[in-house]
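Let me begin by presenting the structure, written as structure tokens, before commenting on it.
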Amino acid sequence: MSYQPVPTVRRRRLGSTLRKLRTEAGMTLDAAADALNAAANGSSDARRWTAPKLSRIENANATIRTSEVETLLRAYAVTDPNTRIALEGLAKDAGKRGWWQTYRGVVGPAYADYISLESDAESVRDYASLVVPGLLQTADYARETIAANAVARTASEVDALAEVRLARQAVLTRSCHPLRLWAVIHEAALRRRFTGRPGIMAAQLKRLLDVADWPTVTLQVMPIDAAPNPGDAGAFTLVAFPGPMPDVVTQENLRGPTYVEGVDDVNVFADAFGHIVDRALSTDATKALIAGLV
């Protein structure tokens, strides 16, 4: 399995955000390059700016130093300190090796990109139609569901992928800015059973009851008898970040996650999630339903 060591999703997010800021400043690539070279004022430390160089950065085909990010933001008249901190952090971490790279034998590039997104995220909105979200799974549930969907994997690879799924859950309890999770799970996912191993689902339901009381977790169930709603089209995850970075949508399939980017397309899913929330049970009714299934 090929693996790309650089989490290019960070470069894409940085590049697309810089392009957005340049456009909002009303500057073409040529005009931005001229402004940057004028601002450098002959500094020996500065690299000459050109339109092709800026284009490569915006299209994630070139790296950019944190000091150059600051230079760009000055040229684009961006003064918000949170924007500067967020973008400099992306530039600094563009080539950072994450803990998941220890598992590069089983974690493909698309999945590695998703874990990178999740680790940088501020919040996640997840609609799960058939399977409990990975961030809320128990070890046994994770192992069983991974084995069912990874039919070509060996037992050791399934175990490794289950370890990865559980390790991802650290974002919910990290000491600095824990991830905020809003999950809507279809009731059908909670009524599934594992033949010969009834304890797996019972433990998973108890896990959901525990996390439902966490201050950073909002949990709702979409009842089986709910009216038709956008969730009928399938599961998806909305990942949001601090600062100016745009949200990203992921959809899971047998080949791994696929991504939806671009404000207009992402807004379709954000609107859909709002409608799903409206159709779902309240948080209190959700806990009562889950408790009745244990």
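For the single chain, residues carry numbers from 1 onward in sequence order.
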- request: Would you check if L72 and I64 make a side-chain contact, meaning some heavy-atom pair closer than 4.5 Å?
  value: yes
field: Whether Q137 side chain and V132 backbone form a donor-acceptor pair below 3.5 Å
entry: yes
- prompt: Does H177 reach the side chain of E122, with side-chain heavy atoms less than 4.5 Å apart?
  reply: no
task: Return yes if some donor-acceptor pair links the side-chain N/O of Q220 with the main-chain N/O of L281 below 3.5 Å, else return no.
output: yes
message: Any heavy-atom pair between the side chains of W100 and S116 that's under 4.5 Å?
response: yes
task: Provide the closest heavy-atom pair for S119 versus R174 in the form atom of the first, atom of the second, distance.
output: O-NH1, 3.0 Å
query: For the side chain of N37 and the backbone of W49, is there at least one donor-acceptor N/O pair under 3.5 Å apart?
result: yes
Within-4.5 Å side-chain heavy-atom neighbours: N59 and R19: yes
- request: Measure from the side-chain N and O atoms of R143 to the backbone N and O of A162, and report whether any donor-acceptor pair falls under 3.5 Å.
  value: no
- prompt: Is the backbone of L130 close enough, under 3.5 Å, to the side chain of R192 for a donor and an acceptor to pair up by distance?
  reply: yes
message: I'd like to know if V211 and V171 are part of one continuous hydrophobic network [Ile/Leu/Val/Met/Phe/Trp/Tyr, side-chain heavy atoms within less than 4.5 Å].
response: yes
statement: In terms of heavy-atom contacts, A139 and L166 come closest through CB-CD1, 3.5 Å
message: Are L190 and W182 linked, directly or through intermediate hydrophobic residues, by side-chain heavy-atom contacts shorter than 4.5 Å (ILVMFWY only)?
response: no
message: Same cluster or not: L181 versus V131, using hydrophobic residues (I, L, V, M, F, W, Y) connected whenever any side-chain heavy atoms lie under 4.5 Å apart?
response: yes
message: What's the separation between atom OG1 in T250 and atom CZ in F236, rounded to the nearest 0.5 Å?
response: 10.0 Å
field: Check ion pair D232-R279 (N to O, under 4.0 angstrom)
entry: no
task: Output yes when a side-chain donor or acceptor of T71 lies under 3.5 Å from a complementary backbone atom of S67, and no otherwise.
output: yes
message: Is there a side-chain contact between I185 and L208 in this structure, where contact means two heavy atoms from C-beta onward sitting under 4.5 Å apart?
response: yes
query: Is the closest side-chain heavy-atom distance between V184 and F273 below 4.5 Å?
result: yes
field: Residues K53 and E68 bridged, charged N to O under 4.0 Å
entry: yes
task: Give the intermediate values and the outcome of side-chain contact (heavy atoms from CB on, under 4.5 Å) for residues E58 and T23.
output: CA-CA 11 Å; E58 292 181 356; T23 302; over 6 Å; no
query: N149 and T145: side chain to side chain donor-acceptor pair (under 3.5 Å), yes or no, with the steps?
result: CA-CA 6 Å; N149 290 297; T145 52; 5.6 Å; no
task: Find out whether N229 and H275 are in side-chain contact, i.e. whether some heavy atom of one side chain is under 4.5 Å from a heavy atom of the other.
output: no
- prompt: Is a donor on one side and an acceptor on the other found under 3.5 Å between the side chain of R56 and the backbone of N61?
  reply: no
- prompt: Between CG of D284 and CG of L289, what distance do you get to the nearest 0.5 Å?
  reply: 12.5 Å
message: If hydrophobic clusters are built by linking Ile, Leu, Val, Met, Phe, Trp and Tyr wherever their side-chain heavy atoms come under 4.5 Å apart, do V277 and L238 end up in the same one?
response: yes
field: Inter-residue atom distance R180.CZ - L172.CG, 0.5 Å rounding
entry: 12.0 Å
message: Contact between H186 and Y127 at the side-chain level, heavy atoms closer than 4.5 Å - yes or no?
response: yes
- request: Mind listing the closest non-hydrogen atom pair of L219 and T283 along with its distance?
  value: O-CG2, 3.6 Å
- prompt: So, does R153 use its side chain to make a donor-acceptor pair with the main chain of V106 at under 3.5 Å?
  reply: yes
- prompt: Honestly curious: do L14 and I85 fall in one hydrophobic cluster under the side-chain, below-4.5 Å linking rule?
  reply: no
Plane angle bin for F194 and Y141 - parallel if under 30°, tilted between 30 and 60°, otherwise perpendicular: perpendicular
task: Walk me through it: do L73 and L21 pass the test side-chain contact (heavy atoms from CB on, under 4.5 Å)?
output: CA-CA 8 Å; L73 295 183; L21 294 174; 3.7 Å; yes
- prompt: Between Y114 and Y259, is the gap from one ring center to the other below 6.0 Å?
  reply: no
message: How close do A235 and A128 get, counting heavy atoms only, and between which atoms?
response: CB-CA, 4.3 Å
Over all atoms of both residues, closest heavy-atom pair of P223 and A280: CD-CA, 4.2 Å
query: Can V164 and Y111 be said to form a side-chain contact (heavy atoms from CB on, under 4.5 Å), step by step?
result: CA-CA 10 Å; V164 170; Y111 189 22; 3.8 Å; yes
- prompt: Within the side chain of T66, is there an N or O that forms a donor-acceptor pair under 3.5 Å with the backbone of E88?
  reply: no
query: Just how far is it from atom CE of M27 to atom CG of L36, taken to the nearest 0.5 Å?
result: 6.5 Å
- prompt: Judged by atom type as modelled, is there a donor-acceptor pair below 3.5 Å linking the side chain of Q204 to the main-chain atoms of L136?
  reply: yes
task: Over all heavy atoms of both residues, which pair between R191 and L293 is shortest? Give the atoms and the distance, please.
output: NH1-CD2, 3.4 Å
query: Can V78 and R84 be said to form a side-chain contact (heavy atoms from CB on, under 4.5 Å), step by step?
result: CA-CA 8 Å; V78 176; R84 178 182 56 79; over 6 Å; no
field: CD1 on I57 to CZ on R65, rounded to 0.5 Å
entry: 10.0 Å
query: How many angstroms lie between CD in E144 and OG1 in T138, if you round to the nearest 0.5 Å?
result: 9.5 Å
